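Side chains included, hydrogens not; waters and symmetry mates left out as well; all remaining heavy atoms used. Throughout, protein chains are lettered first and strands after them, A, B, ... in sequence-line order, and every chain is numbered starting at 1. It should be emphasised that the depicted structure is a prediction, and the values quoted were computed from it without experimental measurement.
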2 protein chains.
Amino acid sequence: MKEIKKRSVCPVSSSLDIWGDKWSLLIVRDLMYAKQCTYGDFLKSDEKIATNILAARLLTLESSGIISKNEHPESKAKVLYQLTEKGINLLPVLIEIYLWGEKYFTLSDYHIEFLKKVKEDKQQFINNLTQKLRKEILNT
Amino acid sequence: MKEIKKRSVCPVSSSLDIWGDKWSLLIVRDLMYAKQCTYGDFLKSDEKIATNILAARLLTLESSGIISKNEHPESKAKVLYQLTEKGINLLPVLIEIYLWGEKYFTLSDYHIEFLKKVKEDKQQFINNLTQKLRKEILNT
DNA sequence: TAAATTCACTTGCAAAAAGCAAGTGGTTAA
DNA sequence: TTAACCACTTGCTTTTTGCAAGTGAATTTA
């Protein structure tokens, strides 16, 4: 776990020191959906991250203990990226960003449905997804 | 309200397009405490933002409707920066970042006390602070 | 089994953004 | 009326981002 230089002792500032950029939380988002787990899958996301930036972010996230690199069950050529407990714990942050975004942006039907489920019982939704993601770690 | 180029229709990505950097949320944080409201006050924060970067971020946040520039009651030389309703609504995001940071960083006594209050009743804390910040807007 | 393809990156370079220090032009206090 | 304060701006260097092409190991295809 590489040490990142902290600008201050504020937990917000220290958090942003690690993942306060335009890409890191999108990687976490992709892992949260748990459909995309390989390097190539991240590249396929709608935002079109550049490959060298992706490599750099994956390194930072890994050395900060937010994601882990694992063997892919299908092939030795592939790498399986997964959230760690520390990464899973970013879920509430991500959910609140979704809910803020819901207020100020036009959403796709997909996101409308997603956020409907979230809002039915936010805490329950977070708990369920957290449990699901934890189980995926154990099965590796 | 200047339009910022969106990388995709994802609300997380669109949110990060506006304030996904190392500084924007620290400005929001300072305004949330409602003690720091002038340009000079932002410069005094522990993280030591560069003055040109501060100017740029304030412009973006203003043109995105997250903060507003107002007359300072004390002097014409000063400018009063305030959160708008859109900015106040970032409070839940900020609180979840605090709570994540609490898990993984060493906190100052100040932040320990702050987060103790937050955790006693998170929703109540957010509601109260939201109301308080809204009142401050009205009194301007 | 050799060649083509897939996969996870790396490298090189141009453009953009961040960071630093000094400067500017109104406002206010002495 | 002069000095200090305030909110920026400007110029310059360093760092980061973004794009395109390349690399080498693993895997599929002919």
Side-chain angles (χ1 to χ4, degrees), chain A residues 2-8 13-14 16-27 30-31 35-64 67-82 140, chain B residues 2-8 13-14 16-27 30-31 35-64 67-82 140:
Chain A
K2 190 186 86 185
E3 270 311 306
I4 284 174
K5 213 179 146 196
K6 285 181 195 167
R7 288 171 294 173
S8 76
S13 146
S14 301
L16 296 176
D17 286 336
I18 298 177
W19 46 259
D21 64 86
K22 299 222 181 297
W23 296 108
S24 296
L25 284 183
L26 297 183
I27 293 172
D30 286 353
L31 287 169
K35 291 162 200 154
Q36 303 190 338
C37 298
T38 68
Y39 192 91
D41 289 329
F42 292 121
L43 287 177
K44 278 179 219 145
S45 287
D46 287 346
E47 293 84 11
K48 300 283 164 245
I49 188 170
T51 171
N52 56 336
I53 306 294
L54 174 59
R57 288 296 167 281
L58 289 173
L59 257 187
T60 305
L61 289 173
E62 195 198 357
S63 73
S64 314
I67 64 172
S68 62
K69 282 176 75 166
N70 302 101
E71 287 177 15
H72 198 286
E74 287 174 15
S75 148
K76 262 191 269 184
K78 293 184 183 179
V79 174
L80 186 70
Y81 285 97
Q82 286 184 300
T140 316
Chain B
K2 190 184 85 185
E3 270 311 306
I4 285 174
K5 211 179 147 197
K6 284 181 197 168
R7 287 170 293 172
S8 78
S13 146
S14 301
L16 295 177
D17 286 337
I18 299 177
W19 46 258
D21 64 84
K22 298 221 181 296
W23 296 109
S24 297
L25 283 184
L26 297 184
I27 292 171
D30 286 352
L31 287 169
K35 291 162 200 156
Q36 304 192 337
C37 298
T38 68
Y39 192 90
D41 288 330
F42 292 122
L43 287 177
K44 278 179 219 145
S45 287
D46 287 347
E47 293 84 11
K48 300 284 163 245
I49 188 170
T51 171
N52 55 338
I53 306 294
L54 175 59
R57 288 296 168 280
L58 289 172
L59 258 187
T60 305
L61 288 173
E62 195 197 357
S63 73
S64 314
I67 64 171
S68 62
K69 281 175 76 166
N70 303 100
E71 289 177 13
H72 199 284
E74 287 173 15
S75 149
K76 262 191 271 184
K78 293 184 182 179
V79 173
L80 187 71
Y81 284 98
Q82 287 184 299
T140 315

Check whether any side-chain nitrogen or oxygen of [X] sits under 4.0 Å from OP1 or OP2 of [N], and answer yes or no.
X        : N       : value
Ser75(B) : dT27(C) : no
Lys22(A) : dA16(C) : no
Trp23(A) : dG18(D) : yes
Lys44(A) : dA8(C)  : no
Tyr81(A) : dC7(C)  : no

Short side-chain to backbone donor-acceptor contact, Arg7(B) and Lys22(A), under 3.5 Å: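 At least one qualifying donor-acceptor pair exists.
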Expected output: side-chain Thr60(A) to main-chain Ala56(A) donor-acceptor under 3.5 Å: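 Judged by distance alone, yes, a pair lies under 3.5 Å.
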Nearest-0.5 Å distance that lies between atom CG in Leu59(A) and atom CG in Leu54(A):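 The CG atom of Leu59(A) sits 10.0 Å away from the CG atom of Leu54(A).
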Measure from the side-chain heavy atoms of [X] and tell me the nearest of [options].
X        : options                   : answer
Ala77(B) : dT28(C), dA26(D), dA7(D)  : dT28(C)
Ala55(A) : dT10(C), dA7(D), dA8(C)   : dT10(C)
Tyr39(B) : dA18(C), dC9(C), dT9(D)   : dT9(D)
Arg57(B) : dT27(C), dT27(D), dA17(C) : dA17(C)

Position toward the 5' end of DNA chain D (nearest nucleotide), Ala50(A) or Lys78(B):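 First, find each residue's nearest nucleotide; the 5'-ward one identifies Lys78(B).
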Output the rounded distance in Å from [atom1] ([X]) to [atom2] ([N]).
X        : N       : atom1 : atom2 : result
Asp17(B) : dG18(D) : CG    : P     : 11 Å
Leu59(B) : dT10(D) : CG    : P     : 12 Å
Leu80(B) : dC6(D)  : CG    : P     : 14 Å
Glu74(A) : dC7(C)  : CD    : C1'   : 12 Å
Leu54(A) : dC7(C)  : CG    : P     : 15 Å
Leu43(A) : dG18(D) : CG    : P     : 13 Å
Arg7(B)  : dC19(D) : CZ    : P     : 12 Å
Leu58(B) : dT9(D)  : CG    : C1'   : 14 Å

Sugar-phosphate only, base, or nothing, as touched by Thr51(B) at under 4.0 Å among non-hydrogen atoms: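 Touches a base.
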Sugar-phosphate, base or nothing in reach of Lys48(B), heavy atoms under 4.0 Å: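 Nothing: the residue Lys48(B), judged by heavy atoms under 4.0 Å, touches no strand.
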Donor-acceptor pair present, Asn52(A) side chain and dC19(D) base, under 3.5 Å: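 Answer is yes: a donor-acceptor pair is held.
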Would you check if there is a donor-acceptor pair between the side chains of [Y] and [X] at a distance under 3.5 Å?
X        : Y        : answer
Ser68(A) : Gln82(A) : no
Ser24(A) : Asp21(A) : yes
Thr38(A) : Asp41(A) : yes

